[in-house]
Amino acid sequence: MVAPANNAVDRLLAALPKRGDGGARFAELGFPTTRDEDWRFTSVAPIAELEFTAATGDAAANLEASVFSEIDGPQLVFVNGHYSSELSDLDELPDGVEISNLAAAVFKPCEADDAFGALNAASFTDGARVCVAEGVCFKTPIRIYYLSTGGDGATANIRNHITLGPNSKATILESWTGADSAYFNNAITELSAGDNAHLEHVKFQNESPAAFHVAGLHATMGRDCRVAHHSIALGGRIARNNIRARLDGTGIEAMLNGLYLPHGKQLIDHHMVVDHLQPHCESHEYFNGILDDHARAVFHGRIHVHKGADKTDAKQTNKNLLLSDNATVNTKPQLEIYADDVKCTHGATIGQMNAEQIFYLRARGLDEDAAHRMIMHAFAGEIIARIGCEPAREELDRLVWDRLEDK
Amino acid sequence: MKMLEIKNLKAGVEGKEILKGIDLTINAGEVHAIMGPNGSGKSTLAQVLAGRDAFDVGEGSVTFNGQDLLELAPEVRVREGLFLAFQYPVEIPGVNTTYFLRAAVNAVREHHGEAALNAVDFLKLMRQKINLLELDESLLKRSVNEGFSGGEKKRAEILQMALLNPAMAVLDETDSGLDIDALKVVANGVNTLKRADNAQLIITHYQRLLDYIVPDFVHVLYDGRIVKSGGKELALELEEKGYDWITSGELQTA
């Protein structure tokens with residue numbers, strides 16, 4: 001096992017541009033295996049088997065049929081990990097709002113403690129930079145598009161940096177889409193929300209079902225801030241979201257809200273660690289999944305309530321609806337509590353369509369098919385409904401509905 | 001006019017017979033009450049009439065307005081006018097109550113060749129009905145039955161009955177768990193919906209409900225059979241003597 005993995009590491013590093021430590025840390029860590037607790041249910045062997053090439057820009061790429069296109073406002077576009085000034089639109093930004101591609105040369109990434117993070121730090125090409133100054137309330141959603149047009153093995157490392165100053169407010173909408181090939185996106189988003197900042201962050205991940213998507217969201221939050229992250233995950237042969245949230249201030253409310261709809265042979269994995277470091281904070285994780293065919297999903301949620309983080313209110317729910325006997329879910333809600341006087345709950349369900357609910361709907365005149373669809377829509381709708389940005393919510397609701405209807 | 005005719009109905013679950021031969025005829029304009037102790041088969045009868053496939057129907061027949069009811073899918077039964085108010089209304093998180101009610105009303109309308117109601121017309125209809133049941137309109141924005149109190153759930157069932165306007169309503173222990181005020185509201189709703197051309201079958205464990213919904217006939221169900229039928233005075237007698245009267249065997253030999 002070790003030899004081919006190392007081989008893959010060498011091949012990957014040889015293909016990519018390098019910075020920082022030149023990939024030394026990544027080479028040291030290597031691709032994780034399923035013996036690694038954090039990757040127990042997700043084998044990245046299919047990624048290691050790719051014929052890696054560095055993804056390059058593509059002038060022919062376009063935003064046709066993209067999500068959120070009806071929404072006006074600034075948009076940043078990255079094609080295969082490279083900034084596209086042609087497709088981006090950053091006119092008329094108000095004072096205090098800076099949106100650009102990451103000034104790659106100047107930016108110093110935070111240290112990575114995992115292999116994909118280390119790979120990203122050593123090889124990222126570009127990414128989004130959003131900076132909202134103290135006290136600025138920017139109501140227009142900021143849209144960031146990541147298009148992938150490369151072929152099999154085309155690898156892009158993308159680094160985003162989002163900073164909200166104290167008392168600021170912003171909405172960010174991300175879209176990940178791509179050509180029908182086995183490309184590989186490895187992204188890291190560093191997010192920092194200042195005291196009393198309000199952020200809604202929507203990630204719509206609809207990569208090709210052949211593609212690989214590994215993304216880390218590293219969020220640090222200041223006191224009294226409100227951060228909502230919505231992960232709507234539809235695509236990827238293997239799609240893994242590593243979400244790390246540090247609640248390092250009092251009075252924070254953080255919401256992680258996710259929906260995954262794998263079908264075929266897709267695997268969608270959400271791996272979360274929420275650290276409560278200060279008292280009087282709330283964190284809520286709501287994840288629903290609908291799985292069909294031979295699809296798999298993983299939910300790993302760990303809430304770590306540190307000593308002194310009293311009066312923590314943490315909630316974790318993961319609900320799964322299996323439409324096929326061959327679909328699999330591994331769910332692992334975890335609480336580690338070292339503080340006093342906390343309110344923490346977690347729960348997970350995995351089930352087929354609920355026969356009582358179906359009968360109830362039929363007893364009210366809906367036929368069996370309509371009843372099934374209504375339940376399925378409800379399951380997804382519960383998550384979608386938490387998205388505050390109305391035009392995004394409505395569009396995602398339609399897209400998710402279309403996706404479910406296709407089955 | 002005969003509306004519902006049940007003949008020698010036998011049904012059970014997983015090989016265990018629960019209904020052991022029920023005979024019952026209900027005509028338009030009548031209110032029938034079925035009383036019986038726990039485990040007598042009351043709810044099974046309600047669920048079989050509504051078409052729950054968890055129960056196996058063995059022998060017997062059920063004719064509803066001239067049709068073989070047992071041959072109809074659950075949704076067709078309600079579209080044809082046989083409505084069940086559930087003993088335990090089911091919570092459906094994520095399904096908006098208004099959306100659900102409109103889908104139900106329109107499924108029934110379309111079955112009868114009527115045009116579907118748009119959102120505005122539906123809301124008008126619903127506002128009329130909701131006042132009858134003293135339900136808070138905010139419930140309609142919530143998910144179906146989710147987080148409703150026991151009384152709200154039961155009133156919501158009667159709201160559905162009012163909206164679907166069935167020829168035959170089966171109320172399965174709609175009174176269970178209600179306090180007296182909620183019971184009066186529910187009973188008032190049911191009474192208001194009564195007409196000469198519809199019928200009601202009230203299933204209850206307690207005589208109390210029948211103080212407010214006065215039945216034309218009372219039947220006592222015990223061990224899967226109707227062991228005694230009579231007028232409304234039978235309910236009072238049952239209340240007075242208790243179900244021991246039946247379970248002790250006195251009734252069967254009387």
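Keep in mind that what you see is a predicted model, and the values were worked out from it rather than measured. Here is the naming used below: chain letters follow the sequence lines, and residue numbers restart at 1 for every chain.
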Open item on the list: Between B:Leu164 and chain A, with a heavy-atom cut-off of 4.5 Å, which part of the residue counts as in contact: side chain, backbone, both or neither?
Closed with: side chain

TODO: Could you pull out the closest heavy-atom pair between A:Ala378 and B:Gly94, with the gap in Å?
DONE: CB-C, 3.5 Å

Open item on the list: Counting heavy-atom pairs under 4.5 Å with chain B, which one of A:Ala363, A:Ala385, A:Ala380, A:Gly381 comes out on top?
Closed with: A:Ala363

TODO: Would you indicate whether A:Lys332, at its atom NZ, is surrounded by more than 12 heavy atoms from other residues, nucleotides or ligands within a distance under 6.0 Å?
DONE: yes

Open item on the list: Looking at every heavy atom in both A:Leu366 and B:Ala107, which two are closest together, and how far apart are they?
Closed with: N-CB, 4.5 Å

Open item on the list: Within a 6.0 Å radius of atom CG on A:Asn326, are there more than 12 heavy atoms belonging to other residues, nucleotides or ligands?
Closed with: yes

Task: Side chain, backbone, both or neither of B:Pro166 within contact of chain A (heavy atoms, under 4.5 Å) - done: neither

Task: Under 4.5 Å from a heavy atom of chain A, the part of B:Val144 involved - done: side chain

Taking atom types as modelled, which donor-acceptor pairs link chain A and chain B at under 3.5 angstrom?
| unit_1 | atom_1 | unit_2 | atom_2 | d |
| --- | --- | --- | --- | --- |
| A:Gln357 | NE2 | B:Glu91 | O | 3.0 |
| A:Tyr360 | OH | B:Asn145 | ND2 | 3.2 |
| A:Tyr360 | OH | B:Glu157 | OE2 | 2.4 |
| A:Tyr360 | OH | B:Gln160 | NE2 | 3.2 |
| A:Arg362 | O | B:Glu75 | N | 3.4 |
| A:Arg362 | NE | B:Glu75 | OE1 | 2.7 |
| A:Arg362 | NH2 | B:Glu75 | OE1 | 3.0 |
| A:Arg362 | NH2 | B:Glu75 | OE2 | 3.4 |
| A:Arg364 | NE | B:Gln160 | OE1 | 2.2 |
| A:Arg364 | NH1 | B:Leu84 | O | 2.9 |
| A:Arg364 | NH2 | B:Leu84 | O | 2.9 |
| A:Arg364 | NH2 | B:Glu157 | OE1 | 2.6 |
| A:Arg364 | NH2 | B:Gln160 | OE1 | 3.4 |
| A:Gly365 | O | B:Arg79 | NE | 2.9 |
| A:Gly365 | O | B:Arg79 | NH2 | 2.8 |

TODO: Count the heavy-atom pairs under 4.5 Å between each of B:Ala104, B:Pro74, B:Ala54 and chain A, then report the option with the highest count.
DONE: B:Pro74

Task: Option in A:Ile383, A:Ile384, A:Leu361 with maximal non-hydrogen atom pairs under 4.5 Å from chain B - done: A:Leu361

